[in-house]
2 protein chains.
Amino acid sequence: MTSNSSGDLFIIGGNEDKEGDLEVLSIFVQDAIQNGGTIGVLTTATGYPEEVGGEYRDLFLKLGASNVELVHIDTRTKAEEDRYTQVVSSLSALFITGGDQNRLSSIIGGTTFFKEVQKAWQNGMIIAGTSAGAAIMSRHMIISGKTKVKHDKINVEIGVGFGFLEDVVIDQHFSQRARFGRLLYAIAQNPQIIGVGIDENTAIWVKDGGKYFEVIGEHSVTVIDGCKLSFVDIADEAESDEVTIAGVSLHSIAKGYQFDMEKRQLIMKEKGTAQ
Amino acid sequence: MTSNSSGDLFIIGGNEDKEGDLEVLSIFVQDAIQNGGTIGVLTTATGYPEEVGGEYRDLFLKLGASNVELVHIDTRTKAEEDRYTQVVSSLSALFITGGDQNRLSSIIGGTTFFKEVQKAWQNGMIIAGTSAGAAIMSRHMIISGKTKVKHDKINVEIGVGFGFLEDVVIDQHFSQRARFGRLLYAIAQNPQIIGVGIDENTAIWVKDGGKYFEVIGEHSVTVIDGCKLSFVDIADEAESDEVTIAGVSLHSIAKGYQFDMEKRQLIMKEKGTAQ
């Protein structure tokens, strides 16, 4: 909490293990413990704040946290109240539960509570989020989208997230809900940002003020980078509702590998390990 | 049938429209009519040869074909018999139905019938195939594969197809069955080939002896090119069962666009059209 650079982020693709080895949550809690202080659980996204918040509190205590505080903000009015905004400065980490990311942006966005969170994070507070709590992390957020598995056409609507990551759009439950097409579509619309698709029970651990991330958990993370696109046609409705896009750079990254978010490339492991 | 270069290929991602405008089948039949002669329908892949073959015969006649011949080969013995092998030379086009691609390779592969088809194709006979009939077209064929939508882990088994396209692996029902991950996995295992994922009711029309293809139909075609991969780790079982792969080049191509299979890049449309 006394760092001069912003805190680590744990951006979890949803459905993280809560009964087995708890790998993803365990790494988060260890990082939070090292940061010294209380873990807050923000339940704004869910319609079941007591149940969902209570489950995470129990898990975090089981994993060694000494103090967990549930933060039940469900209106913008509460997000202005001292009893909530003053909690933030005592937190070493804030965990944002799943639910609906539109609730997070509409209830929390721009409030005094949000500004306190932003300030605390800039001073080293860790922020974790799963599912909707993952989607909200970036400046650009997918608020709704259809896939071709269930629908005829892809459709993606982009909204404004909390902005802890710039120039990134997150998609969660990525492989499990077949979201490759919709993330590619989002990048076709916004080639200057990178798409980060995070599988369930998998997370990116963003370190060093956002310079790079490491993948943790069971599955993999897909990065779609449109910065070197040679061509994109998303507007030519006459020919097809489908997008044509050429020269996308793509990376699929499993546990133990790191990705440089500034250079937009995989960080090679040191010699002696797999290369 | 008198061409000096091999015939066009129509590689259809399955579930092509049979009741509406029949766009994909219609383009195939027009090409076959221009090629002058009978359209053969090879029903080997399906367990319902009469029903499936009969439906395509009716559709092709409705679309203007003057003569359609069903080729019901369901054993390797039949694939050696004159009554089947001699049919081939009279065909302007051969349509391979869906079903199980393992039946196609195990019953047809290497037989006299196959050699006749190969020879006729090299002399200009058009070959079309949908679903299993699409998968069989390339030298490398996905014979089974699991996706993360339904399973914990991706698993891909590659077999030997008919080889009308070299250095390519086809995946069909691509977006509709969420097969991005498994095609990427196949390319991680075999970076020298390109993966071509074809959506349902969509096809690639391969022209000019395989030099390029044009996309036709409702959805899009995804090309995964691993030739400039900067890194792949598929073997490091200790860390993760998931593959790590960096620097894949990816293209998503809709109707009306063409892709150069030799240069592995989108062919830009002429000036005056969308670029």
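Letters A, B, ... mirror the listed sequences (proteins, then strands); counts begin at 1.
- Residues meeting the salt bridge (Lys or Arg N to Asp or Glu O under 4.0 Å) test with K18(B), sequence neighbours left out: E16(B).
- With values rounded to the nearest 0.5 angstrom, L250(A) atom CG is found 11.0 Å from H251(B) atom NE2.
- Legend: salt bridge (charged side-chain N to carboxylate O under 4.0 Å, His left out) pairs involving residues 19-32 of chain B, not counting sequence neighbours, sorted by first then second residue: E23(B)-K255(B).
- Looking at T244(A), its side chain does come within 3.5 Å of a backbone N or O of A254(B) through a donor-acceptor pair.
- Taking every heavy atom of both residues into account, S249(B) and G247(A) meet most closely at OG-CA, 4.4 Å.
- Nearest heavy atom pair, residue E242(A) against residue S220(B), reads OE1-OG, 3.1 Å.
- For D199(B), the part lying near chain A is the side chain, with the backbone staying farther off; criterion is any non-hydrogen pair under 4.5 Å.
- With rounding to the nearest 0.5 Å, the separation of CD1 in I245(B) from OH in Y257(A) is 11.5 Å.
- Contact annotation for L184(A): only side-chain heavy atoms (C-beta onward) come within less than 4.5 Å of a heavy atom of chain B.
- Looking only at heavy-atom pairs under 4.5 Å with chain B, the residue among S252(A), S175(A), A178(A), A188(A) that has the most is S252(A).
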